[in-house]
Structure formats: structure tokens, C-alpha cells
Amino acid sequence: MADLLVRRAARVFGVDVGGGALAAVVIAGGRVAAVVPEAGLRDAVGAGEWPELDARGRAVIPGFVDAHTHLVFAGDRAAEFEARLAGRRYEAAGIQSTVAATRAASHDELVSGIVRRAAACLAGGTTTIEVKSGYGLSTQAERRCLEAVRDAAGLTSAELVPTFLGAHLAPEPDYIDLVVDEMLPACAELAVSCDAFCDVGALTVAQARRVLEAGRAFGLVPRIHAEELDHTGGAALAAELGCASADHLVYVTDPDASALAAAGVVAVLLPATSFSLRSRYAPARKLLDAGVTVALATDCNPGTSYTTSMPFVISLACSAYGLDADEAVRAATAGGAAALRRSDIGHLQPGARGDLVVIDGEHWVEIAYHPGMDVIAHVVKDGAVVR
Ligand code: NIG
Ligand code: FE
């Protein structure tokens, strides 16, 4: 929990220090103490020695909050990706091949895979990562995935936020009984949220309702994969249950959008998944116009979106969803924080965690303007410079 002065920023996202002046972010004990004009810095911090990071006239934004990833897995599905390039359709059942590889991996292999991917996330400016289980699909294997997240958390500077996704498929008729009666009791202590993949080839609305209600009884915050492959009613269920987030929403309808807004459910949009699957893009503008809080996330997983890059996701959100740069950065920071129901991240107001990114340019529009390029100059987590 370090002290740091981030000096000479051209601009700081969400904070106006007035008059086009260069700004400084004061981080004390790992938390943002103030954002001030450079000229007022000595008044703010006194004469003492502070570690400094020189932003050199570039832009500063909060660290990205990637609120939807599946970082715990082994193996890869490059052959499946190639088959799709040749015209094959995506099917949720492809998850089973990652399940086999994940079950065959050792605990250490799972941990090192998470740590490696978290390092890539951090290098791209992501300081908080939600991580779902879901490639175990047995009580023992799901618990092992969450234990790997717990152990990886001590080996990366990024914060990992674990979600139980034992209901990533419903492979057998009595599988939901297993999730509710055995997996949740065994796994709940290792997770913050409970998710379910409600879609064609995965769970029905009734199955997802059962899982999310049971998860809530164990204190887990409900969230849901909804309307990704087709419209099946997951978004309405999210509104009914008051889920923290409904994710994907490619096939979301107008009444769904109104219901999500009224229930305060955050829409976590995953444009890299649409990109990789070459499918339709979620109607982001419709959701924003309906008053829904929108978050952007990577969905990093070996089946449908093998990327850790929030800058790439922001590029897609601007080019494919038609968001402006402010909307996209807000969704990738404060939006993600809202999806995780966190008030201490995703912004740089006093009291926030000292998690920030120095963009390699004077303005955050540079992120979307340079798709696929490295636009990150520095990353700071809890006041420590990690890149
Ligand atoms: O979010 N939709 C569910 N889970 C992942 C993909 C799962 C897989 O194919 O491995 C997703 O797209
Ligand atoms: Fe997902």
C-alpha cells in the first residue's frame, strides 16, 4: 500500500483540475488522496519526499476493471477456432473439451496459467479481474479451480475476484441437483458471486433461477450469462432476481432493456466475443438509451474470446458499438466496478484505490484510435508502479 505522486498528467479521467492545467494524482497508503493542479502540489503534500511517476504530459485513467473472465483453464481450442473460420457454428458443448484439459492439469499448472494471464491483463492496464470457475463441472474440479484462483491471487499484483460458475453447462438431467446440493456447499466459501450460463445448449431459465437462488442462500451475488447465442429469457430473469450483472446481451430486447434499467442490473458487454465468433454485436446504444449501466469486459476464455486486452475491447466498443471514447473508458472502469458492486475502484476520486493507467498519448481516445497496439505507458496498482 504505497505512496506515489503521479505528476504532469495532461488530463485525468473524471476529474477536472481546471483551466487546462497539468494535474497530479496524490496516492497515500495505496489510496487516492487528491487530484490537484501541478501548481498546487506542494500545498497538497507539503515538503516531504514522495516517490514520483512522471506522466510527461500524457493522460491518466483509472485501472480497468475486467468484470467477466474465465482465466482458470488448461489447453486450447485453436482447432475449434479454425473450424469456425471454415464455417462451423459455435456450440456451448465445446466447453467440454476445455473441461477435459482443465481436469487433467495439476493445481500448479492451473495457478501458473492464471498468473500468466493476469500478468497480460495487468500489462494492458487491468488492475481488477473477475475470474469465473466453470471448466471443472464436478464438485472436486470446480473447487480446485477456485482454489487455483485463491492461490494465484497471492502471486499477482492484480486483484482477482472469484465467481462460481459450476453451472456453465447442464450436461446431465440431474446436474442442477448436483450444483445446488453438493457443489455450492463445497465452493461457496471460495467465491464472491454465482453465475450461470443461461442459453441455447446450456441452462434453461428455470435451471438458472434455481442455481442463482441457491447461490444467494450461500451469500453469493447472482450474475448471469444471458442472450448470447439467442434470446431465451435470461435478461428478464436477471431483472427479476436483481442480479448484479447480465452479461453478453447480444439478443436483448427493448422490454429487457427497460427491465434491466429498472432493476439496476449492470449490462456487461463483451464485444471481443462477437468479434471472435463473427456474430452480431450487442445493442450497446439501446441499453445506454434505456438507462442501463454498461460495463465492458474481455470474457477471456479459450472458446470464444482468447484475449486479455481491455484496450482492444475499448477499440471494438467504439468502432462496433459506436460508443465515444468517454463512454467506452467509463464502461471499462466505473462500469466494471458497478458490475462487481464495488465503490473503491473504477474511478479516481479521493478514497479510491490508487489503481491507474498512464496512456501513451495526451487523451484516452488514443486507445480506440490504435486498435491492437500497445497504448499503455504505465500501470499503477494500490500506489505501486507495476509497469
Ligand atoms: O462467455 N458463454 C459462456 N462461456 C464463455 C464461453 C465458453 C466456452 O466456449 O468455453 C463465454 O463466451
Ligand atoms: Fe463468459
Side-chain angles (χ1 to χ4, degrees), residues 66-84 88-103 105 113 117 121 129-137 141-142 145 149 161-171 191 193-204 207-208 211-212 222-232 234-235 238 243-252 266-282 295-308 313 316 336 339-340:
D66 188 347
H68 185 140
T69 83
H70 305 253
L71 288 197
V72 203
F73 63 85
D76 78 81
R77 308 219 317 255
E80 181 189 313
F81 179 72
E82 270 197 291
R84 283 206 304 274
R88 240 270 280 285
R89 268 199 23 246
Y90 171 75
E91 280 173 27
I95 289 170
Q96 290 288 16
S97 103
T98 301
V99 169
T102 303
R103 286 184 183 170
R117 291 170 204 126
C121 294
I129 315 167
E130 186 261 12
V131 183
K132 302 174 195 299
S133 68
Y135 291 118
L137 303 191
E142 283 295 313
C145 287
V149 179
V161 181
T163 292
F164 169 71
L165 178 56
H168 203 175
L169 283 180
S193 295
C194 178
D195 197 342
F197 184 11
C198 179
D199 220 312
V200 178
L203 272 72
T204 64
Q207 289 174 320
V211 169
L212 297 181
R223 57 185 76 254
I224 187 167
H225 283 66
E227 331 295 11
E228 176 188 3
L229 307 173
D230 205 342
H231 187 269
T232 69
C243 285
S245 68
D247 303 35
H248 287 288
L249 300 179
V250 172
Y251 292 92
V252 72
V266 176
V268 178
L269 303 186
L270 308 162
T273 306
S274 296
F275 179 80
S276 300
L277 292 178
R278 297 186 297 151
S279 73
R280 183 195 299 201
Y281 283 86
L296 290 169
T298 61
D299 195 18
C300 181
N301 78 80
T304 61
S305 181
Y306 207 147
T307 181
T308 55
V313 165
L316 288 175
L340 299 182

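Just so you know, ligand 1 is whichever comes first in the structure, and atom 1 is the first atom listed for that ligand.
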**Q.** N/O donor-acceptor pair under 3.5 Å between R117 side chain and L71 backbone
**A.** yes

Q: Indicate, with yes or no, if the rings of F81 and Y90 have centres closer together than 6.0 Å.
A: no

Q: Calculate the angle formed at the Fe ion (ligand 2) by NE2 in H70 and NE2 in H68; 10° precision is enough.
A: 100°

**Q.** Which residue and heavy atom of the protein sit nearest atom 11 (C) of ligand 1, plus the separation
**A.** D299 OD2, 3.1 Å

Q | Side chains of R77 and T98, donor plus acceptor under 3.5 Å | A | yes

Q: May I ask you to identify the nearest protein heavy atom to atom 2 (N) of ligand 1, giving residue, atom name and distance to one decimal place in Å?
A: E228 OE1, 2.8 Å

(Q) Any nitrogen or oxygen of H225, side chain or backbone, less than 3.5 Å from one on ligand 1? (A) yes

Q) In D299, what N, O or S atom is nearest to the Fe ion (ligand 2), if we give its atom name? A) OD1

Q. In terms of the angle between their ring planes, are F197 and H168 parallel, tilted or perpendicular, with boundaries placed at 30° and 60°?
A. tilted

Q: Under 4.0 Å from a heavy atom of I95: give me the atoms of ligand 1 that qualify, with their elements.
A: 7 (C), 8 (C), 9 (O), 10 (O)

**Q.** Identity of the N, O or S atom of H225 lying closest to the Fe ion (ligand 2)
**A.** NE2

Q: Describe, in one word, how the ring planes of H225 and H248 are oriented to each other, choosing from parallel (under 30°), tilted (30 to 60°) and perpendicular (over 60°).
A: tilted

Q.
Check contact between Y135 and ligand 1, using heavy atoms of the residue and a distance below 4.0 angstrom.
A. yes

**Q.** atom 9 (O) of ligand 1 - nearest protein heavy atom and its distance
**A.** Y90 OH, 2.5 Å

